[in-house]
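Given the structure is predicted, the values throughout are model-derived calculations rather than measurements. Counting starts at 1 for both ligands and their atoms, in listed order. Numbers here are sequence positions counted from 1. The analysis underlying the following values was restricted to heavy atoms, covering all of them including side chains, and did not include hydrogens, waters or symmetry mates.
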Amino acid sequence: MFLKNIKNNSITTRLTLFYSIATFLLITVIAFFLYGTTIHILHKANYHFLSREVDILANLIKKKSLNWSMLEQKVIEVPYTETGSDYHYFIRILNENNQIVLQTPQMDEVFHHTDFFNKKPLSSHKKIDWWSADKETNYVLIQAPVINGETNKYWRIQIALDISYQQAIINKYHSILAFCLIMGTFFAIFIGYFIARKGMRSLYDLTNATKKITATSLHQQIDPESWPKELKNLAMAFNQMLKRIEISFSRLMEFSADLAHELRTPVNNLMGETELLLSRNCSKEEYQQVLGSNLEELHRITQIIDNIMFLARTENLSLEIKKNPIKVAEEINLICDYYQAMADEKNITMSVHSDAVLFVNSIMFRRTINNLLANALKYTLEKGWVKFIIKEIDKRVHISIVDNGIGIAEEHLPKLFNRFYRIDSARSKQSGGTGLGLAIVKSIMDVHHGTISISSQPGQGTEVLLDFPK
Ligand SMILES: Nc1ncnc2c1ncn2[C@@H]1O[C@H](COP(=O)(O)OP(=O)(O)O)[C@@H](O)[C@H]1O
Ligand SMILES: [Mg+2]
């Protein structure tokens, strides 16, 4: 639930949180490590101090003739003289019968000599056991057996080292570490938030720059150089997207302007003729004639609308269109049959032979051939010819529609695929053209990943080459 909440939170919050958790964990680990090492060092120092004291005492006891005054001085006086120092300790020496031979005054108050055995040794060093004392007493204890040189019996040395001052330091150390942990975490939250915000700044700037872009300022680009490396690609992709949108947008504007222009003329004609008809008393024949020509205009309008709908659909098609295998020559011959009457009228011969097979959308393919054949027949004079040449090259099929018609001047060639582009508007319109035929063919070739190219010589003829992938 919490993680889900974080997921929906801002990146700044998430970064700050993760950064703070990481810092908290790091400080905790370091604190534990430092604490552990300090305790270990202190333990070691205590042990060394105690074992050194044990050694000194053992050397005195081991001697054949025991130097009592020195031992007494060591046990009774020395610790006292050091009371003010850091190492405040008490010594006791027990004989083989567990009786006290010598002990520092107040040693019994600190630890009764039997208490030593009730404790769990910290570690056992051959002849030395040492313990950590109770928490409230804060002593470290050591006990070592030693052979008395005179009696050859085992005596024992017991030492209690007051480590209250160490405990005080450790407690202070504790508080300092806890303080560092809390402050460090707060600091990490603050720094993390600051860093995350600074890191996200570019993103906010990008957002602001994006907000400023409107339909009229699509040409505005974001300068990718001023962004950090990670956002450079985003800025570049964003610019490319803007470019694409701008192109589409201007195409759409152009298209709607053309559309309005194309539709205005037939609609004006319709209005004009209808108004004229209404303003006069007309005969039945006149009515029939005007309505007939109006119907023709309406047919043209319908054709334009149909074509535009088709273009819009084709351009918005996803990559997946329904394809099926077709026999190229068979399909083309079917369309030629449909146009036979028109061809016969002009004495135009058409011919096609091939056994090439294509995997295409058959409706779109028919529409392509239909448009191109209609153009070829339209712009070919009497007694001309229209030929289909089909070639299979590697994994591609080339279909050429060649005519010996009026041809196209070079300057028009690059614009032929623009919507509503017609070379001779009046004539094209007369022959029922809308200027959308080649634009439709081009968009069909695009969805099939094919290409279209036109070469032409005015007065000699035109060749349209369709290059289909198989
Ligand atoms: N085979 C051809 N021979 C000569 N001109 C052609 C041929 N095909 C197309 N054109 C020219 O290209 C223009 C655009 O063709 P198209 O997009 O089919 O529009 P439409 O046929 O409706 O005028 C035509 O107006 C015509 O001038
Ligand atoms: Mg046409």
message: Given 3.5 Å as the limit, does a donor-acceptor pair link the side chain of Gln166 with the main chain of Ile163, or not?
response: no
query: Would you say His412 contacts ligand 1, with heavy atoms under 4.0 Å as the rule?
result: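 Not so, His412 does not reach ligand 1.
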message: Against ligand 1, does Asn371 come closer than 4.0 Å with any heavy atom?
response: no
Short list, please: which atoms of ligand 1 are under 4.0 Å from a heavy atom of [X]?
X: Tyr421; result: 13 (C), 14 (C)
X: Gly407; result: 4 (C)
X: Ile423; result: 11 (C), 25 (O), 27 (O)
X: Arg422; result: 23 (O), 25 (O)
X: Thr434; result: 22 (O)

task: Please determine if Asp258 and Arg419 form a salt bridge, counting it only when a charged side-chain N lies under 4.0 Å from a carboxylate O.
output: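 Salt bridge between Asp258 and Arg419, a charged N being under 4.0 Å from a carboxylate O: no.
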Can you find a pair of side-chain heavy atoms, one from [X] and one from [Y], that are under 4.5 Å apart?
X: Tyr339; Y: Val386; value: no
X: Leu372; Y: Leu438; value: yes
X: Ile408; Y: Ile454; value: yes
X: Val357; Y: Ile326; value: no

query: If you measure from atom 22 (O) of ligand 1 to every heavy atom of Gly405, Gly435, Gly437, which option wins on shortest distance?
result: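 Considering heavy atoms of Gly405, Gly435, Gly437, the nearest to atom 22 (O) of ligand 1 sits in Gly435.
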- prompt: Taking the minimum heavy-atom distance to atom 25 (O) of ligand 1, which of Phe417, Phe420, Tyr379 ranks first?
  reply: Tyr379
message: Heavy-atom pairs closer than 4.0 Å: do any link ligand 1 to the side chain of Ile408, the backbone, both, or neither?
response: side chain
Within reach of ligand 1, part of Leu372 (heavy-atom separation under 4.0 Å): neither
message: Heavy-atom count check: over 12 atoms from other residues, nucleotides or ligands less than 6.0 Å from Tyr173 OH?
response: yes
message: Set out, in order, the CA-CA distance, both residues' side-chain angles and the distance that settles ring-ring contact (aromatic ring centres under 6.0 Å, His included) for His174 and Tyr35, then state yes or no.
response: CA-CA 8 Å; His174 238 143; Tyr35 185 71; 4.8 Å; yes
query: Does the side chain of Asn307 come under 3.5 Å of the side chain of Arg367 through a donor N or O and an acceptor N or O?
result: yes
query: Under 3.5 Å between some N or O of ligand 1 and some N or O of Leu416?
result: no
- prompt: Would you say Asn375 reaches the Mg ion (ligand 2) with an N/O/S atom under 2.8 Å?
  reply: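 Yes.
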